[in-house]
Student: 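One structure, as structure tokens, below. Some questions next.
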2 protein chains.
Amino acid sequence: MIDIARHAGVSKSTVSLVLQASPLVKAETRDKVNAAIEALGYVYNRGAANLRGSRSNIVGMVINDLANPFFAELAVGIERVFHAAGYIPFIANTIENAKRQSEVLRSMSEHDIAGLIICPARGTRPADIEALAQIGVPTVLAMRRLAGPKFSSVTPDNLRGARRATEHLIALGHRRIAFFGGYSDMIAQNDRCGGYQAALAAADIPFDRSLVIEGPPNRDCGLNAIGHVLDMAEPATAALCFNDVVAFGVLSGLERRGLAAGRDFALVGFDDVAEARHTNPPLTTVHVDTGALGERAAHQVLRMIHGDTRPEEFVSDVDLVVRASCGATSGREA
Amino acid sequence: MIDIARHAGVSKSTVSLVLQASPLVKAETRDKVNAAIEALGYVYNRGAANLRGSRSNIVGMVINDLANPFFAELAVGIERVFHAAGYIPFIANTIENAKRQSEVLRSMSEHDIAGLIICPARGTRPADIEALAQIGVPTVLAMRRLAGPKFSSVTPDNLRGARRATEHLIALGHRRIAFFGGYSDMIAQNDRCGGYQAALAAADIPFDRSLVIEGPPNRDCGLNAIGHVLDMAEPATAALCFNDVVAFGVLSGLERRGLAAGRDFALVGFDDVAEARHTNPPLTTVHVDTGALGERAAHQVLRMIHGDTRPEEFVSDVDLVVRASCGATSGREA
DNA sequence: ATGGTTAACTGGAACGATCCAAAAAATTTT
DNA sequence: AAAATTTTTTGGATCGTTCCAGTTAACCAT
């Protein structure tokens, strides 16, 4: 910066003012400085600037599974809002690994992020997140709440969505309904699985614990789970999946056995990612307005950045969208 | 840090040594310092550290369309390698917008990234990237090369893949074959479309420019393009898409007209994303070993970080994988 | 001309780390 | 026990920026 100053024949303070687009410098001087900046190919050092109090314009977005298209959709909503507000979101992937997550979080706080949206990895302790809040990083949880202290969060109505989906399967005549994916130590799984159990209870169907197959919320889990429940003495005839990606895995598993969802087995997902509409057969699933959820999370962070730190738990409404995989329609759906 | 020093009864220099895990400090002292760090809830300020020369451990990954699952697969490969090497990748999305890309790039260089992998947005000028290289950021281009100076890059063999796919359609008897997606100012599109034209020429099929429908490489593009070529005086009977996502859009477009790929229209994609296997019908597409490509890109950045700055252009081999959407099989494929 | 205002610029202290040369403490050698 | 050596610790300069309190320049009204 001193080089710039020398090159433009001013002081480093003036250069600083130009960089901050201060109205205190004469247009003529500003042009001279900008010319020097251009000429010397100077890059601003944000780290040095942050040293003197100012917060950076990056916000962190920490997600647990980049391979799940759901998170891409969430990110799109988040980015829309932050970009309009002049913040640049940086995304990091934790692949559902708490250790990796804490490395990522440390790196982000070292770089002095202005805010954070996080889908906590399995095994995250509330204290891990609380530490962030302690040092003044506005944080909101997305998709997964955390037990204990009050954090801001945005989540879909997991319980209601799962309940409706299960009711739909029951209405179609199924009684052996499985639940695939997620772990019982994740709140989201509890909520969704809870909705599933509530629907069973309401229909006087006894809850069979062996029909709940836990596992990571990915394709492989669905692929394995379907084999499992099909090989039981009294096989399941339907399943609700923790999310669409798990359901995609089930689709593979069925195909591998020469079976088809909708015809031989009733399958319902959760999230309604864009791909769900085009699977074979199209997937019946619980629609979540993912983009809007992301926007909401971003707005919440923005609100906190601007000083309003009251936590807010936002729960978005969900809808069951019936396609062919549950066997309710003949496969035609716009 | 001075607080820590005081609390532990040592000097700030000693604290610094502890933070760097230097072997010069006595174990006893180290423990005292670590205890103080824990007690005061101190967070390391990377920005201040970078001020004195050292480079940070974050690497940037700039992609143009997060919603394309292809990039998630690429990111997974990249992350695997970087994580093993102790670097933390931060991802930013440019949504194919050169202006936004330059903001992202500026922000990343301000934060002093150790390296960069970038899928340049449409309209990126080589100079934009060259500026990065100038200030010493090891950069490799992924998926899209750039005209002009020698950058390192990793790309699939676009020309060969497109040519093989087109030859396959020709072998199935098609003569009115369209090409959907991408813009003629993108090198990747030129390569893929060039392979398509080469196959036509080899089969003595005259090239009809009106069968090449340009557009952004997303769902909407495919959805619109299929309507277009179906409404022509002499409609197309097959299409090669710039990528799978465009093909997914075509699937929607066909469905909307009550038509089905494989039966009424032959469709081939490019990339072979995980979803391609489970669309309705399963998508014939050009398989790219995306994860390996990502790993290769990451290794290249690592090599450059370690001082070997020779550019390397890596082209990975590709394979046509025939599923049902081109009409060649009856739909059964493992 | 003279003093009073305002506009435009500037020097130096801070921010939180690293690194070097040198001091202090501990250890070994004579 | 003193000298020599090694191990451990330390003060101060430094990195590139911002900010404050001045300083200088420019303008205005008397």
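Every chain is numbered from 1, with letters handed out A, B, ... down the list of sequences.
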Student: Has the side chain of Arg52(A) got a donor or acceptor that lies under 3.5 Å from a partner of the other kind on the base of dA14(C)?
Tutor: yes

Student: Between C1' on dT9(D) and CD1 on Ile2(B), what's the gap in Å once rounded to a whole number?
Tutor: 16 Å

Student: Which is true for Val15(A) with a 4.0 Å heavy-atom rule: it touches a base, it touches only sugar-phosphate, or it touches nothing?
Tutor: nothing

Student: Just report the end-to-end axis angle for the helix from dA1(C)-dT30(D) to dT30(C)-dA1(D), five pairs per end, to 10 degrees.
Tutor: 40°

Student: Rounding to an integer number of Å, can you tell me how far Asn50(B) CG sits from dA17(C) C1'?
Tutor: 10 Å

Student: Do we get Arg122(B) above Tyr183(B)'s six-membered ring, with its NZ or CZ under 6.0 Å from the centre and within 45° of the axis?
Tutor: yes

Student: I need the CG-P distance between Asp112(B) and dA17(C), as an integer number of Å.
Tutor: 16 Å

Student: Do the charged groups of Arg46(A) and Asp112(B) touch, with an N to O distance under 4.0 Å?
Tutor: no

Student: Can you find a side chain N or O atom of Gln20(B) that sits less than 4.0 Å from OP1 or OP2 on dA17(C)?
Tutor: no

Student: Can you work out whether Leu51(B) or Lys12(B) has the more 5'-proximal nearest nucleotide on DNA chain D?
Tutor: Lys12(B)

Student: Give one of base, sugar-phosphate or nothing for Val10(A), where a contact means two heavy atoms less than 4.0 Å apart.
Tutor: sugar-phosphate

Student: Does Ser16(B) use its side chain to pair, donor to acceptor, with the backbone of Lys12(B) at less than 3.5 Å?
Tutor: no

Student: Using OP1 and OP2 only, check whether a side-chain N or O of Thr29(B) sits under 4.0 Å from dT9(D).
Tutor: yes

Student: Would you mind reading off the distance between Ile37(B) atom CD1 and dG16(C) atom P, rounded to a whole angstrom?
Tutor: 15 Å

Student: Can you check the Glu110(A) CD to dT18(C) P distance for me, whole Å?
Tutor: 10 Å

Student: Taking only Lys NZ, Arg NE, NH1 and NH2, and the carboxylate oxygens of Asp or Glu, determine whether Arg144(A) and Glu96(A) approach each other closer than 4.0 Å.
Tutor: yes

Student: Report yes if a side-chain nitrogen or oxygen of Ser11(A) is closer than 4.0 Å to either non-bridging phosphate oxygen (OP1 or OP2) of dT10(C); otherwise report no.
Tutor: yes

Student: Whole angstrom is fine here: how far is it from CZ in Arg46(A) over to P in dA17(C)?
Tutor: 19 Å

Student: Please give, in whole Å, the distance from dT18(D) P to Ile4(A) CD1?
Tutor: 13 Å

Student: Whole-Å distance between dC19(C) P and Met1(B) CE?
Tutor: 11 Å

Student: Could you tell me whether Glu130(A) and Arg125(A) have a side-chain N and a carboxylate O separated by less than 4.0 Å?
Tutor: no

Student: Give the nucleotide from the list dC9(C), dT18(C), dT18(D) with an atom nearest to the side chain of Tyr44(B).
Tutor: dT18(C)

Student: Which one, dA17(C), dC9(C), dT9(D), comes nearest to the side chain of Lys26(B)?
Tutor: dT9(D)

Student: Do the charged groups of Glu28(B) and Lys32(B) touch, with an N to O distance under 4.0 Å?
Tutor: no

Student: Could you check whether any side-chain N or O of Thr139(B) sits under 3.5 Å from a backbone N or O of Val137(B), counting only pairs where one atom can act as donor and the other as acceptor?
Tutor: yes

Student: Could you go through the side-chain hydrogen bond (donor to acceptor under 3.5 Å, both in side chains) check for Thr124(B) and Gln101(B) one step at a time?
Tutor: CA-CA 8 Å; Thr124(B) 302; Gln101(B) 175 174 279; 2.8 Å; yes

Student: Verify the contact: side-chain N or O of Ser13(B) to OP1 or OP2 of dT9(D), cut-off strictly under 4.0 Å; return yes or no.
Tutor: no

